[in-house]
There are 2 protein chains.
Amino acid sequence: MDYTRQTLIKDNQSTFADFLQTKGLKLTSQRRVILAQATGARGHFSAEQLLKFSKKQDRTISKATVYRTLALLKESGILEEQDFGDGKMLYERAQGRKHHDHLICVRCGRVIEFENTPIEKLQNAEARHHGFKVIYHSLKLFGFCRDCV
Amino acid sequence: MDYTRQTLIKDNQSTFADFLQTKGLKLTSQRRVILAQATGARGHFSAEQLLKFSKKQDRTISKATVYRTLALLKESGILEEQDFGDGKMLYERAQGRKHHDHLICVRCGRVIEFENTPIEKLQNAEARHHGFKVIYHSLKLFGFCRDCV
DNA sequence: CTTGATGCAAAGTGTTTGCAACTTA
DNA sequence: TAAGTTGCAAACACTTTGCATCAAG
């Protein structure tokens, strides 16, 4: 784990602590474990996977607590929720990362991230044309990745 | 209902009949009713709504049959399934219509459709850059519509 | 008359919630 | 020690499925 990664996790910790304090909520040992696992994970993960990882550190952590903490991590901007259409939500680290969209391989499930400013500009122009104010968007390209074509 | 609409519905009927025949499936009275309601509906509708409409024509039609028929209508290309993130799938007529994307108002739920070729071109270029072959895509812009800003 | 389709209710899936016991601040 | 948090199991919402009966071809 490199320096940047360490720094980001540190940021995540204080962001979450501040978020909880501001809302009069408590930083429990379970929340600490779940935060650590969520921000330490690479790529996209499900609630079920997060539960599994968290249980390795504290076997008493429950599914309910994972879901409740996931909601807080989303609300605080530390995680972002993604729906790739496979019936369950996936999560990824959001804080300190730029917005990006996804290419999803329908065969192997691989997810590739990309940023494309020209597309975003055109999206905004399109929205403006309809008198629409965009808050967030979701662009997913489904198909075959290099290895699955 | 105008001439074009009539023609489209006719197309839907023969498409579905052909589809079923090719697969050795049967065109039942329930399927006829559900097809008619699905292709006659305007805009986006849920399985539950389709069941409600279909029951008006034949009160014995069941939820299970609606879901099973919906799968066939999707497979035959007559309907397209959309997930606007409200916990249930929505459907829209697809046959004979151009591909389009959606603006979704997070306050009133209104859905605006748009076509944007330049965006699609950029998407394909982006995919190509990753050695990715796109089969289909989903672009949704969430925000406030003109009346909800 | 054979094979697929139907309605019903039960099962499934991922997620949320009520509650009594327990921690954090 | 007050107020939020936890684990558990039950509840939820949507969708799917097993099965005996029914109907299309």
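Chain A is the first sequence line, chain B the second, and so forth, proteins listed ahead of strands; every chain is numbered from 1. What you are looking at is a predicted structure, and each value in this text was computed from that prediction instead of being measured.
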Ordered by number, residues from residues 59-73 of chain B within less than 4.0 Å of DNA chain C (heavy atoms) are B/Thr60, B/Ile61, B/Ser62, B/Ala64, B/Thr65, B/Arg68
For atom NZ of A/Lys88 and atom C1' of D/dA13, their distance in whole Å:
18 Å
Would you call A/Arg93 and A/Glu80 a salt bridge, taking side-chain N to carboxylate O under 4.0 Å as the test?
no
Test side chain to side chain donor-acceptor pair (under 3.5 Å) on A/Glu92 and A/His44 and set out the steps.
CA-CA 5 Å; A/Glu92 63 177 7; A/His44 302 80; 2.6 Å; yes
B/Ser76 side chain to B/Leu72 main-chain N or O, any donor-acceptor pair under 3.5 Å?
yes
Whole-Å distance, B/Gln49 CD to D/dT15 P, equals 11 Å
Atom CG of B/Asp58 to atom C1' of D/dC22: distance rounded to whole Å?
14 Å
Does A/Arg31 have a side-chain nitrogen or oxygen under 4.0 Å from the phosphate oxygens OP1 or OP2 of D/dG4?
no
I need the CE-C1' distance between A/Met89 and D/dC14, as an integer number of Å.
13 Å
Let me know the distance between CG of A/Asp83 and C1' of C/dT15, rounded to the nearest Å.
13 Å
Length of the line joining A/Glu48:CD and C/dG12:C1', which is rounded to integer Å
14 Å
Answer yes or no: is there a donor N or O on one side and an acceptor on the other, between the side chain of B/Lys74 and the main chain of B/Glu81, under 3.5 Å?
no
Do A/Gln13 and A/Arg32 come close enough that some side-chain heavy atom pair is under 4.5 Å?
no
Would you find a donor on one side and an acceptor on the other, under 3.5 Å apart, between the side chain of A/Arg146 and the backbone of B/His130?
yes
For the pair made of CD1 in A/Ile34 and C1' in D/dT5, what is the distance, rounded to whole Å?
11 Å
Run the salt-bridge test on A/Glu113 and A/Arg97 with the 4.0 Å N-O cut-off and return the result as yes or no.
yes
Ion pair present between A/Asp147 and A/Arg110, side-chain N to carboxylate O less than 4.0 angstrom?
yes
Length of the line joining B/Leu51:CG and D/dT15:C1', which is rounded to integer Å:
13 Å
How are the rings of B/Phe16 and B/Phe19 set relative to one another: parallel (under 30°), tilted (30 to 60°) or perpendicular (over 60°)?
parallel
Dump the pairs, protein N or O against N or O of nucleotides 22-25 of chain C, anything under 3.5 Å, distances to one decimal.
| unit_1 | atom_1 | unit_2 | atom_2 | d |
| --- | --- | --- | --- | --- |
| C/dT24 | O2 | A/Lys26 | NZ | 2.6 |
| C/dA25 | OP1 | A/Leu27 | N | 3.4 |

